[in-house]
Number of protein chains: 2
Amino acid sequence: MSERRVRRATIADVAGLAGVSTATVSRVINHAGTVAPETARHVRAAIETLDYRPHAAAQVLARNRTNTIGLVFPEISGYYFASLLRGIAGGAGTYGYDLLIYSAQESATYRTAFQYPVGEQNTDGLLVFTDGLPEGELRRLHARGFPVVLIHWSPPAGLEIPSVTTENKASAYRLVDHLIGVHGRRRIVFLAGPEEHEDSHWREKGYRQALEAHRIPIDGALIAAGGSDREVARATVARLLRDGLDFDAIFAGDDDSATGALTALLEAGRRVPEDVALVGFDDIDIAQHLNPPLTTVRVPVEQIGREAVGQLVHLIRTGEADLLTLLPTQLVIRRSCGCNVVH
Amino acid sequence: MSERRVRRATIADVAGLAGVSTATVSRVINHAGTVAPETARHVRAAIETLDYRPHAAAQVLARNRTNTIGLVFPEISGYYFASLLRGIAGGAGTYGYDLLIYSAQESATYRTAFQYPVGEQNTDGLLVFTDGLPEGELRRLHARGFPVVLIHWSPPAGLEIPSVTTENKASAYRLVDHLIGVHGRRRIVFLAGPEEHEDSHWREKGYRQALEAHRIPIDGALIAAGGSDREVARATVARLLRDGLDFDAIFAGDDDSATGALTALLEAGRRVPEDVALVGFDDIDIAQHLNPPLTTVRVPVEQIGREAVGQLVHLIRTGEADLLTLLPTQLVIRRSCGCNVVH
DNA sequence: GTGAAAGCGCTAACAC
DNA sequence: GTGTTAGCGCTTTCAC
């Protein structure tokens, strides 16, 4: 197919047709200043006739605000991401901001420029998910006083950048405590995420504290890589099983990993939870549909997204925001831990 | 925390510091025209010193192109969405376009304006997923010759708008044919999606043709609502089971529904695939981790996203694009259909 | 209540 | 190889 483009109407065209000045048209568009009802009607009629849309860039230039929020993240994947984006898109909509997104994974190929595709030049503020931006860029933005809010990670040392995340440590503690206290498990595997994954770090802390509280010595052999990646978790658990490691439970770090761990367990003929209890973290949509349904911690992902937008908008408008927002979680007991719940 | 904003440098500041005109700075920024190497070095030094970033809106206004692609969709959810967005974000990056996204779910609250938050005023072209935009807006854009590409749906009658989707009917046919031909199933439930869900419509066509090919009469009782929503699928299958409907297989419409159907089946004590064979569509990440692993059709979701961007960019740049792009699928046999595959 | 006009920061045509 | 300058389409101040 092929198209011929139609010339777009400008504010001057509208003004001409309505027999008023561009200033008046602008007032009508923005519901600003005072315009006689009759005049306004003419203007609106002209807008309709010409199918006029204010040119966004021209407005931005004149107003000196973009009315746009930028979102940066390292990679797009999984249920978790979709929920977070839903919250962010919803929040942006609520506050009347547009959403410009940039995923770091796409960059390498073509970015030779000296700038990120999203930043001060095209947004009023940035939301950065986990380690979406290198420290240098973060420092630069901070030095310029450009509004930034972090999601699911903390600023580098010395940078006072607000961040929004969830109560990882205490929740992990409760989860592992449940495994030990209620189900008598003592050889609990923890699948740790990558170094830079802060959530995993705090969850491991909670895991360790729970063991200590029950006077169970920490066994390094039980802590293995696999958090935050389904396939890695699957491979890791398969390996532990092959190696004949003795364990009676797995805390998978997150639900995605739990999924992989479950597959490995079933493939090896282990019964869950009879032979090995399994718990995750996040409560992604699929958790309740696993077989057995997964015991986990519900993270209010969508709400985290909304809250982050709220903090950012506040920062943009007032220059102020809470340095740390910690959203509460909830233990979700299903069957994979050994409980026998009707759900 | 609180911030003080720093004044941003303009092209004039850079020109001043480097002792050249703004035109020269512009040439350096855009690698356009000719600039003496020595001069360019000075300019770059000035840019560095002032931490200068070209104001995006000013560039847009002067160039008369936004270099931005808009993405519109009705709702954000599931693995499918994440994969699609990954493809789109990747494609946009490859072609050097920014990505502005808008989810219809956010609108109602605050949009009183006469325009969608994404359109001719702030993008060079639009990607519209399923029924993300009402027909009226589509017609308006089309009338203006504004570049639009549809993903996973067709244009309303009479509108020649390019669309990118996948081979639904033929794939559904092969899937159901497998259930009948290989596993001897004859009472196959189909979980249909909502009316406006085109994919579901074509998949149902494939389902019907496969039955006909095997001379199995279509039984209306076997076609029930539930496609494209996990919870609806679960409830529907639970009801069919309660009602004592006789069936030996389920074609769930998509993997999300298959997940819900599986839960309902297991809760009712049915064995999959022994009592009831189950197949899905899409091959979302989780499909292989279900228990039993799900037999399904692999839809190249990420590639669909990339291809859509490719078509849109071509349309923007040349005014031409393919009216229909149909991406091929692949049957993925796992165990939920009754096959006994090592995977 | 309305209009004139000065920018907003940049690009690109043209002149030198 | 580089500078001058006229827009790009809008908002907003200041007059009237």
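Both backbone and side-chain heavy atoms feed into the values below; hydrogens, waters and symmetry mates do not. Per chain, numbering begins at 1; letters A, B, ... match sequence-line order.
Rounding to whole angstrom units, NE2 of residue B/His55 and C1' of C/dG7 are separated by 13 Å. In this structure, B/Ile11 places its CD1 atom 14 Å from C1' of D/dT4, rounding to the nearest Å. Between the P atom of C/dG1 and the CZ atom of A/Arg41 lies a distance of 17 Å, rounded to the nearest Å. Going from atom CG of B/Asn122 over to atom P of D/dC10 covers 13 Å, rounded to whole Å. D/dG9 atom P lies 6 Å from atom CG of B/Asn64, rounded to whole Å. Put simply, CG on A/Asn67 is 12 Å from P on D/dT11, counting in whole angstrom units. For the pair A/His31 NE2 and D/dT11 C1', the interatomic distance rounds to 16 Å; values are reported in whole Å. Between the P atom of D/dG9 and the OH atom of A/Tyr52 lies a distance of 10 Å, rounded to the nearest Å.
Between A/Asp124 and A/Arg317, none of the side-chain N atoms (NZ, or NE/NH1/NH2) sits under 4.0 Å from a carboxylate O, so this pair counts as no salt bridge. Between B/Arg5 and A/Glu120 there is no salt bridge, since no side-chain N of the basic residue sits under 4.0 Å from a carboxylate O of the acidic one. Salt bridge annotation for B/Glu48-B/Arg44: absent, with no cationic side-chain nitrogen under 4.0 angstrom from a carboxylate oxygen.
Comparing C/dT11, D/dG1, D/dG9 by their nearest atom to the side chain of B/Gln59 picks out C/dT11. Taking every side-chain heavy atom of B/Val35 into account, D/dT2 is the closest of C/dG9, D/dT2, D/dC10. Comparing C/dC10, C/dT2, D/dG3 against the side chain of B/Val20 picks out D/dG3 as the nearest.
B/His152 and B/Phe129 have perpendicular rings, their planes meeting at more than 60° on a 0 to 90° scale where under 30° would count as parallel.
At distances below 3.5 Å, at least one donor-acceptor pair connects side-chain atoms of B/Glu198 with backbone N or O atoms of B/Ser154.
The nearest heavy atom of DNA chain C to B/Thr10 and to A/Thr34 marks one nucleotide each, and the one closer to the 5' end goes with A/Thr34. Comparing A/Arg8 and B/Ala40, the nucleotide of DNA chain D nearest to each residue sits closer to the 5' end for B/Ala40.
In this structure, A/Ser21 does not reach the C/dA4 phosphate: none of its side-chain N or O atoms is under 4.0 Å from OP1 or OP2. For A/Thr39, a side-chain nitrogen or oxygen approaches OP1 or OP2 of C/dT2 to under 4.0 Å. Regarding contacts with the backbone of C/dG3, a side-chain N or O of A/Thr24 is found under 4.0 angstrom from either OP1 or OP2.
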Listing time: all N or O pairs from protein to nucleotides 12-16 of chain C that are below 3.5 Å?
none

What's the verdict on side-chain hydrogen bond (donor to acceptor under 3.5 Å, both in side chains) for A/Asn122 and B/Arg53, showing C-alpha distance, side-chain angles and the deciding distance?
-> CA-CA 10 Å; A/Asn122 51 13; B/Arg53 297 282 183 284; over 6 Å; no

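Between A/Phe81 and A/Phe73, a ring centre-to-centre spacing shorter than 6.0 Å is recorded.
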